[in-house]
Undergrad: 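Pasting a structure here, questions to come.
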Number of protein chains: 2
Amino acid sequence: MRIGGYEPFEDQPASLHDDILGRLRDFIVEGHLPSGARIPERELCARFAVSRTPLREALKVLAAEGLVELLPNRGARVREFTEAGIRHLFEVIAGLDFVAGRLACTRISDEDIAAIERLHLDMYTSYLRRELTEYFRLNQMIHQAIVDAAGNPVLSANYASANAVIRRLRYSANLKSERLGDAMREHEAIIDALRRRAGEELGLLMFEHMRKKCDAVCAYLREQQTAAPSADVAHLRSGET
Amino acid sequence: MRIGGYEPFEDQPASLHDDILGRLRDFIVEGHLPSGARIPERELCARFAVSRTPLREALKVLAAEGLVELLPNRGARVREFTEAGIRHLFEVIAGLDFVAGRLACTRISDEDIAAIERLHLDMYTSYLRRELTEYFRLNQMIHQAIVDAAGNPVLSANYASANAVIRRLRYSANLKSERLGDAMREHEAIIDALRRRAGEELGLLMFEHMRKKCDAVCAYLREQQTAAPSADVAHLRSGET
DNA sequence: CCCGAAAATTCTGCATTCAAAACCTTGCAT
DNA sequence: ATGCAAGGTTTTGAATGCAGAATTTTCGGG
């Protein structure tokens with residue numbers, strides 16, 4: 001399954017700009033630059049072996065996506081998030097999950113349901129074994145699969161770009177195990193609704209699931225912040241802007 | 001109420017790039033270029049009195065927003081939409097409306113509710129008088145006000161950019177009057193739920209409202225297309241891509 | 001020794017330039 | 001006349017150049 005593409009035939013060499021856009025987004029999402037850090041144009045030009053023009057075009061797009069902040073005459077920085085900012089993002093994602101759930105039920109094939117059920121079982125295994133990295137990877141894959149099953153490229157693209165920002169937070173490894181248990185139960189209900197193709201129900205389940213995930217992530221981040229106020233986990237700004 | 005901005009102090013002269021981005025978006029949304037038309041870089045540079053660099057940066061952003069399509073080595077075109085593409089957009093907008101409704105109920109002030117009620121009454125007046133332009137303007141303002149009342153800049157920004165694409169369709173003045181009556185009733189229910197701050201209900205009402213609007217718009221466009229297959233109302237591509 | 005101002009450097013934003021690709025025209029052969 | 005190909009023109013995508021703003025460094029006074 002592809003996501004985010006509008007054109008059916010799009011396997012061309014991809015313009016330099018587009019290539020850089022993807023690579024730069026990954027670079028930032030993967031956390032190679034600290035939050036709030038100035039983005040070193042010249043250095044990145046060297047790293048990606050391009051001139052400033054395509055790099056700057058990519059930065060403009062990333063700014064529109066919300067990953068990066070553009071300060072007039074002062075260059076680009078990695079966007080910093082307040083807790084409120086993170087909640088705002090999750091709220092939008094929850095809305096997208098809501099539609100995704102409804103639509104997926106009407107459009108998904110039996111095979112894709114089966115595939116998602118398999119992912120769910122694998123995730124359950126990882127949960128029992130407390131293999132958190134794998135657990136989160138599968139978790140992410142399930143959500144992505146449901147969104148893609150909605151068969152709506154606009155939805156997939158928006159979902160992906162909102163998620164890129166969230167993924168940068170790297171909350172993955174440390175949620176309370178209590179939350180993990182709740183999340184497993186929510187996922188079971190989600191899979192069940194999907195199996196029954198109960199769209200209205202699934203939409204609401206996914207919406208609520210995201211809301212709770214948001215609360216858990218925010219709680220975790222706040223904890224991290226008070227525990228290590230000036231540490232490298234400084235994803236959150238202390239005050240408002 | 002501001003929309004789409006992240007920074008509280010943002011009244012700076014606005015970089016040239018940002019200025020051009022807004023102006024070019026308006027230019028396209030207002031329909032100065034036909035769907036599928038090549039976007040004449042040189043001409044627009046002259047019109048906006050800038051060089052190609054900031055203009056091209058703006059085009060990249062508009063492409064990410066979905067208003068414009070970038071063909072490798074063949075420049076930018078105004079994006080053409082299939083009916084499916086339009087439905088996809090409306091589905092995303094409906095999801096955003098769903099969250100907006102829920103959140104608005106928890107965050108809106110009494111004064112803002114009163115303001116929206118006034119807009120609603122004005123719209124009702126326009127409806128009775130069959131002043132369609134004013135009716136649609138107020139309609140749009142009500143939706144915008146509810147979204148803004150959600151107090152979520154990320155949501156407002158996404159809503160605005162999805163709506164830009166829809167607004168280009170210019171279906172406004174041409175929906176069936178039967179649909180207008182239904183829409184009025186839906187709006188009454190929406191206002192009522194908002195007044196009672198019934199978030200769950202409002203979210204679902206707004207979601208369904210958008211779905212129906214989508215059907216009405218698609219019906220209108222399809223009609224236009226069969227009526228005047230090669231006319232200037234060629235917003236839709238005849239076949240799939 | 002520290003603070004503040006001024007010069008030097010760096011960086012940003014935009015214009016311009018350049019190579020390559022697409023397109024249009026024209027001329028040729030059938 | 002029509003189809004095709006070669007040459008020229010336009011347009012695109014990316015690199016480079018340049019003026020102005022921001023940052024850093026240096027230096028003088030307290």
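Chain letters run A, B, ... following the sequence lines, proteins first and then strands; every chain starts at 1.
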Undergrad: Within the distance-only criterion (no hydrogens, no angle test), does the side chain of Arg168(B) pair as donor or acceptor with the backbone N or O of Ile28(B) below 3.5 angstrom?
TA: yes
Undergrad: Using 0.5 Å steps for rounding, measure from the CD1 atom of Ile20(B) to the CZ atom of Phe27(B).
TA: 11.5 Å
Undergrad: Summarise protein proximity over nucleotides 9-19 of chain C in one line of letters, 5' to 3': B for base, S for sugar-phosphate only, - for none, counting protein heavy atoms closer than 4.0 Å.
TA: --SBBSBBB--
Undergrad: Considering only distance and modelled atom types, tabulate donor-acceptor pairs under 3.5 Å from the side chains of residues 42-55 of chain B, sequence neighbours left out.
TA:
unit_1   : atom_1 : unit_2   : atom_2 : d
Ser51(B) : OG     : Thr53(B) : N      : 3.4
Arg52(B) : NE     : Glu41(B) : OE1    : 2.7
Arg52(B) : NH2    : Glu41(B) : OE1    : 3.3

Undergrad: Would you mind listing every side chain to side chain donor-acceptor pair (under 3.5 Å) that reaches into residues 23-32 of chain A, with sequence neighbours excluded?
TA: Arg25(A)-Glu65(A)
Undergrad: Would you kindly say whether Asp148(B) and Tyr159(B) are connected by a side-chain donor-acceptor distance under 3.5 Å?
TA: no
